[in-house]
Amino acid sequence: MEVGVTLNNELESQIAEAFCIFDTHGDKYIDTRNVGHVLRFLGCVPSEKEVQEVIKATESVDYPGESHLTKFVTHVSQLLMDRQMEPASTEKLLEAFEILDPENKKYLTKEYFGKLMAEEGEPFTQEELKAMWPVAIDPITGNIPFTFYINQLKHKAKIYDIAEVIKEELAQAEREKGKKPQQTLF
């Protein structure tokens, strides 16, 4: 994909592609209200605080309320290589659901889960809950069978695998740079 800026590796290309989906004017800028959408499109699971931190780090000085592609790619590449905003593992999610299910029923009711999601941690809005229900709820029982729901949620975020490879390549390049003999001027 041609984005009009120099991209150094597969990680930067993936981030730029996601960014450009939300670049409605084709000018290498996105509205900062779309930063969270780009991150989630990449497979990240940022908190609202993390989204605000990315906005703060990438917002244009010249065009407030806009993030520029180059600044965004650089910043988000580093976050991904540091494995920030990474989704929880299937095991972690199952462990959390099991804590919420002390009777070992293997499901949660819509009412109970909805209350937790709206009131605990980083609360979901009613709009977010409404969007979640079709994926979470078993249409026959009206409950949330959490092993099924976890499988619906989990897709391997390949971007973190790419970030790990790029991080290793950069580290190797730095090590090799340090091994080069110093040239003398004699």
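Just so you know, residue 1 is the first one in the sequence shown, and it goes up from there.
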Audit row: K71, H75, side-chain contact (heavy atoms from CB on, under 4.5 Å) steps and yes/no: CA-CA 6 Å; K71 210 171 184 183; H75 185 74; 5.9 Å; no

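- Y29 and L69 fall into different hydrophobic clusters, defined by Ile, Leu, Val, Met, Phe, Trp and Tyr side-chain heavy atoms under 4.5 Å apart, directly or through other members.
- In the hydrophobic clustering of ILVMFWY residues, with side-chain heavy atoms under 4.5 Å counting as a link, V45 and M117 come out apart.
- At a threshold of 4.5 Å between side-chain heavy atoms, the hydrophobic network of Ile, Leu, Val, Met, Phe, Trp and Tyr places V73 and Y63 in two separate groups.
- Other residues, nucleotides and ligands contribute more than 12 heavy atoms inside 6.0 Å of the CD atom of E122.
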L100/L108 under side-chain contact (heavy atoms from CB on, under 4.5 Å): CA gap, chis, key distance, verdict: CA-CA 8 Å; L100 299 174; L108 302 177; 4.2 Å; yes

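- Note: I55 CD1 to E50 CD = 12.0 Å, rounded to the nearest 0.5 Å.
- The residues E120 and K115 are annotated as not salt-bridged, no charged nitrogen and carboxylate oxygen being separated by less than 4.0 angstrom.
- Interatomic distance, D31 CG to H37 NE2, rounded to the nearest 0.5 Å: 9.0 Å.
- For F124 and F113, the ring centers are positioned 6.0 Å apart or more.
- Between R83 and E86 there is a salt bridge, since a side-chain N of the basic residue sits under 4.0 Å from a carboxylate O of the acidic one.
- With D23 contributing its side chain and G26 its backbone, the two residues share a donor-acceptor pair below 3.5 Å.
- Counted by atom type alone, E48 and Q52 present one or more donor-acceptor pairs between their side chains at under 3.5 Å.
- The pair E174-K177 counts as a salt bridge, with a side-chain nitrogen and a carboxylate oxygen less than 4.0 angstrom apart.
- Residues I30 and H25 form no side-chain contact, since every pair of their non-hydrogen atoms from C-beta on lies 4.5 Å or further apart.
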Apply side-chain contact (heavy atoms from CB on, under 4.5 Å) to residues T32 and E66 and explain how you reach the verdict. CA-CA 5 Å; T32 54; E66 301 278 322; 5.5 Å; no

Would L79 and M85 satisfy side-chain contact (heavy atoms from CB on, under 4.5 Å), going step by step from the backbone distance to the final call? CA-CA 8 Å; L79 293 176; M85 303 178 291; 3.8 Å; yes

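- The two atoms that bring A18 and L42 nearest to each other are CB-CD2, 3.7 Å, heavy atoms only.
- Y107 and F148 are assigned to two separate hydrophobic clusters, defined by single-linkage of ILVMFWY side chains at heavy-atom distances under 4.5 Å.
- To the nearest 0.5 Å, the span separating CD on E12 from CD on E10 amounts to 10.5 Å.
- Contact between A118 and P123 at its shortest, heavy atoms only, is O-CB, 3.1 Å.
- Residues P87 and G43 share a closest heavy-atom pair of CG-O, 3.3 Å.
- Across every non-hydrogen atom of F72 and T58, the tightest pair is CA-CG2, 3.7 Å.
- Distance check, rounded to the nearest 0.5 Å: CG of N143 to CG of D138 gives 7.5 Å.
- Side-chain contact between E59 and P64: present, with at least one pair of heavy atoms (C-beta onward) separated by less than 4.5 Å.
- No donor-acceptor pair under 3.5 Å is formed between the side chain of Q172 and the backbone N or O of E168.
- Contact annotation: the side chain of E98 approaches that of K106 to within less than 4.5 Å [non-hydrogen atoms, C-beta and beyond].
- By the 4.5 Å heavy-atom criterion applied to side chains, M132 and Y149 are counted as neighbours.
- Side-chain contact between V35 and F22 is absent, with no heavy atoms from C-beta onward closer than 4.5 Å.
- Linking ILVMFWY residues whenever their side-chain heavy atoms come closer than 4.5 Å, directly or via other members, places I21 and I15 in the same cluster.
- What you find for L11 and S77 is that their closest heavy atoms are CD2-O, 3.8 Å.
- Note: E169 CD to E164 CD = 11.0 Å, rounded to the nearest 0.5 Å.
- Closest approach of P145 to A136, counting heavy atoms only: CD-O, 3.9 Å.
- More than 12 heavy atoms of other shown residues, nucleotides or ligands fall within 6.0 angstrom of atom NZ in K105.
- Counting heavy atoms from C-beta outward, F19 and Q14 have side chains that stay 4.5 Å or more apart.
- Rounded to the nearest 0.5 Å, atoms CD (E91) and CD1 (I150) are 9.5 Å apart.
- Under the 4.5 Å side-chain criterion, counting only non-hydrogen atoms from C-beta, V76 is in contact with L80.
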